[in-house]
Amino acid sequence: MAWSRLIFGAVLCLLLSRIVLVVYRSFCRSQRPIRRDTDTCSLAIFLGSGGHTAEASILLSALDFSRYCPRTYIVNEGDELSTQRAVALEKLQSAKNTPLGRLNYKFMRIPRARYVHQSLLSTSFSTFKCFLACVRLVTIAPLFQNATRGKPFADLLIMNGPGTCTPLCIAIMLNRMIGLPTPRMVFVESFARVRTISLSGRILLHMVDRFIVQWPEQIALTGGRCIYRGWLV
């Protein structure tokens, strides 16, 4: 019995140490080698719905699609409006891009973590279902695909606040804890948040690699851990 407690305590200490190390590295924002202008960067974009999708579309329209490719749009199951917006954006940008970046994209769908007016009890089940889908997306699928084996499912992940991005980030943090490759995570707080931080923002503040706000009033709310560059949308 004493040995089992000792082993359990040692494993628990190692696990906690690993969690602290991963969070500390995210907090320090350790720099990766700077990409050359000629290098491409695979991009994943989480599209929430409604206003979140509209803001994400504006953010994406400022990028060079020839450099940020291939692109993966992560959308909620049943969110056809976000899918249509992404397709329209790709068609609009196709005329401005080289053949490498032209229409070089795909969609991945995950269940919603929570629906509007959903009860707290059922939310726990839907969130767990969403988390499992995210694990399949960021952990399991890349292991069985020759093109992405040994690489993250994307080099960069951009999010702008919808709640379903929280299970996605937790799945990515799980990869970091076990030493698997992961994308850089950039969280852009919604333009609608002026004097407060969203719930998903407060949860992910110490997980993501970059936390960007669009109003100066939010700088103090993040303890200086954010980046402020004015309005982005």
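Just so it is clear, the values below take in all heavy atoms, side chains as well, and ignore hydrogens, waters and symmetry mates.
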For this session: Consider only side-chain N and O atoms of S82 and R85, and report whether a donor and an acceptor are under 3.5 Å apart.
Result: no
Problem set entry | Side chains of Q93 and S61, donor plus acceptor under 3.5 Å |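 There is no such pair between these side chains.
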Co-membership, hydrophobic cluster, residues [X] and [Y], 4.5 Å side-chain:
X	Y	value
F128	M173	yes
L92	F65	no
L59	L81	no

Return yes if some donor-acceptor pair links the side-chain N/O of [X] with the main-chain N/O of [Y] below 3.5 Å, else return no.
X	Y	result
E217	R195	no
T72	K106	no
E189	S198	yes
S126	A113	yes
T222	I219	yes

Problem set entry | N175 side chain near V138 side chain, heavy-atom distance below 4.5 Å | yes
Exercise. Taking side chain as C-beta onward, heavy atoms only, is Q218 less than 4.5 Å from C226?
Worked result: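 Q218 vs C226: side chains apart.
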With respect to [X], which candidate in [options] satisfies the side chain to side chain contact (heavy atoms under 4.5 Å, CB included) definition?
X	options	result
V188	I227, V213, I212	I212
F46	I158, N160, N76	N76
I74	L137, I45, L47	L137

Problem set entry | side chain to side chain contact (heavy atoms under 4.5 Å, CB included) against R109, all qualifying residues, sequence neighbours excluded |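 By the side chain to side chain contact (heavy atoms under 4.5 Å, CB included) rule, R109 matches V75, E77, E80, T83.
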Problem set entry | Criterion side-chain contact (heavy atoms from CB on, under 4.5 Å) on V208 and M159, from CA distance to verdict | CA-CA 10 Å; V208 297; M159 307 156 286; 4.1 Å; yes
Exercise. With ring centroids as reference points, do W215 and Y228 lie under 6.0 angstrom apart?
Worked result: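 When the ring centroids of W215 and Y228 are compared, they turn out to be at least 6.0 Å apart.
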Exercise. By ring-ring contact (aromatic ring centres under 6.0 Å, His included), which residues pair with F187, not counting sequence neighbours?
Worked result: F211
For this session: Kindly write out the residues that satisfy ring-ring contact (aromatic ring centres under 6.0 Å, His included) with Y68, not counting sequence neighbours, or none if the list is empty.
Result: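 Once residues adjacent in sequence are excluded, Y68 has no partner under the ring-ring contact (aromatic ring centres under 6.0 Å, His included) criterion.
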